[in-house]
Protein chains: 2
Amino acid sequence: MKSQATRVTLLHHGLRALSLDGLSGVTLGRLAEAASLSKSGLFAHFRSKEQLELALLDEAARLARAHVVEPAMQAPDGLPRLRAVVERWLGWAPRAGLPGGCPVAAALFELDDSTGRVREHVAALECEWRGLLRSLVASAVAQGQLHAETEVEQFVWELCGIYLSHHASARFLRDPAADARAHQAFDALLRRAAPVIRGLPQ
Amino acid sequence: MKSQATRVTLLHHGLRALSLDGLSGVTLGRLAEAASLSKSGLFAHFRSKEQLELALLDEAARLARAHVVEPAMQAPDGLPRLRAVVERWLGWAPRAGLPGGCPVAAALFELDDSTGRVREHVAALECEWRGLLRSLVASAVAQGQLHAETEVEQFVWELCGIYLSHHASARFLRDPAADARAHQAFDALLRRAAPVIRGLPQ
DNA sequence: CAGTGATACGACCGATCGTGCTTTTTTGCA
DNA sequence: TGCAAAAAAGCACGATCGGTCGTATCACTG
């Protein structure tokens, strides 16, 4: 099973390139060179550029699950778990060993007007991720840690905005305050959804 | 001044490509063909790919000013003007005749790990834009339409998150509720910064 | 009307793109 | 240890990339 090891190497270097340069930056020639392989040797593993891209996206998702979701799942269900996921979600890519940004976030803006399997795959990953966030928020609502009228979908939508703004300000603008801004925004979002105390409206 | 007309044509087609496929999607060959020009004829206008990209970014900024800022400036200074700008900012690209998304937003995620003049130019445009937003928010604060302790920078940061989330959900996910979500998020942001009534704290 | 500089052309450069083939090397097992 | 199968290399393809060349044509000015 030497093949498996090579595949791992390819995915590793491919993910680095994907993180740094986006999907259009992943090139068979460069990836082959980075992995010390010939282009045709690479082709033995992925029958096409498209299949390589799909595999890289899956690998990115796997990394995210391992570095964001799974460790956060040890927090108690409900609000603590939501907080834990958000905490690890923001800026997860560098912490997962990637030299660049979140490949999926970049793909959202790179493929917004494209068509084909790759776009659909990114869409599926994104929907799956938002579904996870929805379930976390819904749990916090169910446990009374967020108030019952919380609009879960809207909450998740705004949370994604915080993530994207954090990505832009941390990675592109290199604002050292990015983390603090994101936390402050998330806290405000939580406060809006805080359970009602003593029946105080709004 | 035939040259000027050709340049306008080039910028027009280039901006279409930029909006659809991002910076890496703008290609000298394709642009020349779209503008019914030879590659070398194109080179008479832009001495390099980089200069073309810079010119395209400037043109995008010009378009944004014309379609977003200038018309909104007719609204009264302060909160109404801020609202007018945000109203026209969200989804401005299609309304400005672009077939794709906002080129600057896409560039934020495409160039986050790059270097060079193009990246710096995008950064300058983005900083300029955020400066405009800051001044709008500050005006609303100065007029007492937002409360005095409003953290202007944080406000703008979260507003950018709303814009990015709107871009992702409207353009990539094609969620028809994107506009409504963005408006709801913006309203919540405004409510958080609403002037204090009757000395009610928080 | 002549002349000059801007504008655009077609051909072409080396490099690289994604993708096929065929051959060689390596691997894992009988 | 020998051998089939798998893995990688080698080579080549058509297309396209950004870019340069010399040349022709156009518009404007004197």
| request: May I ask you to decide whether B:E70 forms a salt bridge with B:R65, counting only side-chain N to carboxylate O separations under 4.0 Å? | output: no
Is [Y] close to [X] at the side-chain level, that is, under 4.5 Å between some pair of heavy atoms?
X: B:V122; Y: B:E110; value: no
X: B:R181; Y: B:S169; value: no
X: B:V69; Y: B:W129; value: yes
X: A:K39; Y: A:E33; value: no

| request: Would you please confirm or rule out a distance under 4.0 Å between OP1 or OP2 of C:dA8 and any side-chain N or O of B:H45? | output: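 Answer yes for this pair, as a side-chain N or O of B:H45 is under 4.0 Å from OP1 or OP2.
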| Can you give one letter per nucleotide of nucleotides 16-23 of chain C, going 5' to 3': B for a protein heavy atom under 4.0 Å from the base, S for sugar-phosphate only, - for none? | -BBBB---
| message | Taking the six-membered ring of A:F109 as reference, does the cationic atom of B:R171 (NZ for Lys, CZ for Arg) lie under 6.0 Å from its centre and within 45° of its axis? | response | no
Give the rounded distance in Å between these two atoms: [atom1] of [X] and [atom2] of [N].
X: B:D21; N: D:dC17; atom1: CG; atom2: C1'; result: 15 Å
X: B:L10; N: C:dA8; atom1: CG; atom2: C1'; result: 11 Å
X: B:L31; N: D:dC17; atom1: CG; atom2: C1'; result: 14 Å
X: A:E33; N: D:dA9; atom1: CD; atom2: P; result: 13 Å

| query | When we call it a touch if two heavy atoms are under 4.0 Å apart, what does B:L37 touch: a base, just sugar-phosphate, or nothing? | reply | sugar-phosphate
